[in-house]
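Report on one structure; see the data block that follows.
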Amino acid sequence: MNIVQPSLPPLSPELIARFRAIVGSKYAVTDAADIAPYITEERDLFHGRSPLVLRPGATAEVSDICKLASEYKIALVPQGGNTGLVGGQTPHHGEVVVSLRRMDKVRDIDTASNTMTCEAGVVLQVAQQEASRVDRLFPLSLGAEGSCTIGGNLSTNAGGTTALAYGVAREMALGLEVVLADGRILNGLSKLKKDNTGYDLRNLFIGAEGTLGIITAATLKLFPKPRAIETAYVGLESPAKALQLLAIAQSEAAGTLTSFELLSDIAVDFSVRHGIDIRDPLTGKHPWYVLMELSSPREDARATLESILAQALEAGVVDDAVIATNLSQRAAFWKLRDEMSAAQKPEGGSIKHDISVPVVAVPDFIEQANAAVVKLIAGARPVPFGHLGDGNIHYNVSQPVGGDAADFLSRRHEVNAVVFDIVLRMGGSISAEHGIGVLKRDELPEVKDKVAIELMRSLKAMLDPLGIMNPGKVL
């Protein structure tokens, strides 16, 4: 089914004035220098263009924007913290940007029902802090948490480092408020954990990247705040050994194992080499590392972690390990992990993959992908790291030393093809937590069930018949 795409005519001064009247002159951005931060992104991979950035401060304003956009078939690109990695938040064809950052209120915190209702522009770190203030935990955590927003997290179904224990963003949302393409407001905010009244409309919009509607608020789950958090940095021989350590940790720690990150030696080397105030916590070099964390409602996490490591050392699974002795050391461990993506920039061109395979298949995937990539491009440097506990690996490939970045990046589709082929043979996904956007849009029909693609197109046509909601993304 074909989706009607907007012609994207130039906005007349009269129409800009009508949009400006909705949000107020101060919040309708037309100056090119002021628009610039909204049309570029951190990795400098995508460059967009837009004649107008609207910064609504309330759901009613978003509704009015959509009504006017529908009337004149004006394409809109919703944007949160602009931290996306697949180009989903970028206006590639001159669309109007709708920035939700001003909608930054925490509307309600209910400790009895363990919920928090946030507007879409609330920064993830602020949501975490607000939950902590009432002795609760909002567990979603990722490297961009200081700037990414709740609306963006839900629109991309963000994962992060705690998905092992708490799931991804989808599993942390009980209800949504969404503005549809025609301006209607879907009031689906709910604190209910049990509600069997028909179709689950909430999940249509989570992970849809703003192509079906604009998320303006969400009711989120809160959890008991941990009383003890213990973190270990471990050196070991291989991903297979890391998988053995994971089994020991899950058996001993049960539900208190909240993070289990697998780090290759080259990823660690890049962080240490290019990061600021980052060092390897272990004195000796190891082929692979694990960063693992336990979060317990009781004060017994340290003993549990020590027991896990003792068993692993005795079984020859682990070669060396250190446990953080204070908050500063714990933060240093996590900084080494969090800087891994940025640390690849000084190494030249990097072709990035955000894939997932069954946890048990991770060692075989890495071995096969490494061999295939190096065979394809001699001297290419695989830089795998990620969330072993849930099978999500950031399989990045850096250019050969001394090579030309442009030549290397021009082979992106060849590298994607060999990596994705292995992923699909193992029953995995080409996008685990970053979304589709435009980066993986053209590959999606080749890897997704054909009936699923047909249903996705049908839903898009029904909810956005004019094709004005983030056009050209996902589908």
Side-chain angles (χ1 to χ4, degrees), residues 6-42 46-84 88-107 117-123 126 146-152 155 177-187 209-211 213-218 464 466-471 473:
S7 57
L8 303 187
L11 286 181
S12 67
E14 292 77 16
L15 196 50
I16 289 177
R18 291 185 64 182
F19 277 120
R20 180 183 289 115
I22 293 172
V23 298
S25 296
K26 183 178 179 181
Y27 303 113
V29 184
T30 56
D31 181 78
D34 293 333
I35 287 175
Y38 297 90
I39 60 176
T40 56
E41 40 81 48
E42 184 179 354
F46 301 103
H47 300 267
R49 57 188 176 88
S50 176
L52 178 65
V53 174
L54 299 172
R55 303 181 61 223
T59 301
E61 293 179 4
V62 179
S63 174
D64 288 343
I65 289 169
C66 289
K67 288 175 184 176
L68 185 57
S70 292
E71 182 181 351
Y72 289 91
K73 297 183 181 179
I74 302 299
L76 305 174
V77 174
Q79 190 179 100
N82 195 18
T83 60
Q89 79 281 18
T90 304
H92 297 279
H93 306 292
E95 301 94 334
V96 171
V97 174
V98 182
S99 170
L100 283 299
R101 294 183 202 174
R102 283 185 61 224
M103 296 185 61
D104 59 359
K105 298 180 183 63
V106 176
R107 294 183 184 175
T117 301
C118 295
E119 292 183 340
V122 172
V123 172
V126 172
S147 51
C148 65
T149 62
I150 293 298
S155 292
E177 177 185 86
V178 183
V179 176
L180 303 181
D182 59 9
R184 287 179 295 166
I185 300 172
L186 173 64
N187 185 5
E209 301 183 43
T211 60
I214 300 177
I215 295 173
T216 51
D464 182 24
L466 299 176
I468 66 170
M469 303 302 291
N470 214 3
K473 315 297 172 53

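Just the heavy atoms: all of them, side chains too, but no hydrogens, waters or symmetry mates, feed the values below.
- Judged by distance alone, the side chain of Arg101 and the main-chain N or O of Gly80 form a donor-acceptor pair under 3.5 Å.
- The structure places CD1 of Ile215 at 10.5 Å from CG of Leu186, a figure rounded to the nearest 0.5 Å.
- Applying the ring-ring contact (aromatic ring centres under 6.0 Å, His included) test to Phe19 and every residue at least two apart in sequence or in another chain returns nothing.
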Mind listing the side-chain donor-acceptor pairs of residues 54-70 below 3.5 Å, one per line with the distance, residues two or more places apart or on another chain?
{"from": "Thr59", "atom 1": "OG1", "to": "Arg107", "atom 2": "NH2", "distance (Å)": "3.3"}
{"from": "Thr59", "atom 1": "OG1", "to": "Glu177", "atom 2": "OE1", "distance (Å)": "2.5"}
{"from": "Glu61", "atom 1": "OE1", "to": "Gly57", "atom 2": "N", "distance (Å)": "2.7"}
{"from": "Ser63", "atom 1": "OG", "to": "Gly183", "atom 2": "O", "distance (Å)": "2.5"}
{"from": "Ser70", "atom 1": "OG", "to": "Cys66", "atom 2": "O", "distance (Å)": "3.0"}
{"from": "Ser70", "atom 1": "OG", "to": "Ala181", "atom 2": "O", "distance (Å)": "2.5"}

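- The backbone N or O of Leu52 lies less than 3.5 Å from a partner atom in the side chain of Ser50, making a donor-acceptor pair.
- With Ser25 contributing its side chain and Ala21 its backbone, the two residues share no donor-acceptor pair below 3.5 Å.
- From Ile150, atom CD1 reaches atom OG1 of Thr117 across 11.5 Å, with rounding to the nearest 0.5 Å.
- Looking at Asn82, its side chain does come within 3.5 Å of a backbone N or O of Pro37 through a donor-acceptor pair.
- In this structure, CG on Leu76 lies 9.0 Å from CG on Asp464, to the nearest 0.5 angstrom.
- Judged as a salt bridge (Lys or Arg N to Asp or Glu O under 4.0 Å), the pairs with a partner in residues 12-22 (not counting sequence neighbours) are, in order, Arg18-Glu71.
- The OH atom of Tyr72 sits 6.5 Å away from atom CG of Leu15, with the distance rounded to the nearest 0.5 Å.
- Using modelled atom types, no side-chain atom of Gln79 and backbone atom of Val98 make a donor-acceptor pair closer than 3.5 Å.
- Although no hydrogens or angles enter the test, the distance criterion places no donor-acceptor pair under 3.5 Å between the side chain of Glu95 and the main chain of Asn470.
- Summarising the geometry, atom NZ belonging to Lys105 is positioned 12.5 Å from atom SG belonging to Cys118; distances are rounded to the nearest 0.5 Å.
- Between the side chain of Glu119 and the backbone N or O of Ala217 there is no donor-acceptor pair closer than 3.5 Å.
- To the nearest 0.5 Å, the span separating CD on Glu41 from NE2 on His47 amounts to 7.0 Å.
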Next item on the list: Take Ile16 and Thr30 through the test side-chain contact (heavy atoms from CB on, under 4.5 Å) and record every step on the way to the result.
Entry: CA-CA 9 Å; Ile16 289 177; Thr30 56; 4.2 Å; yes
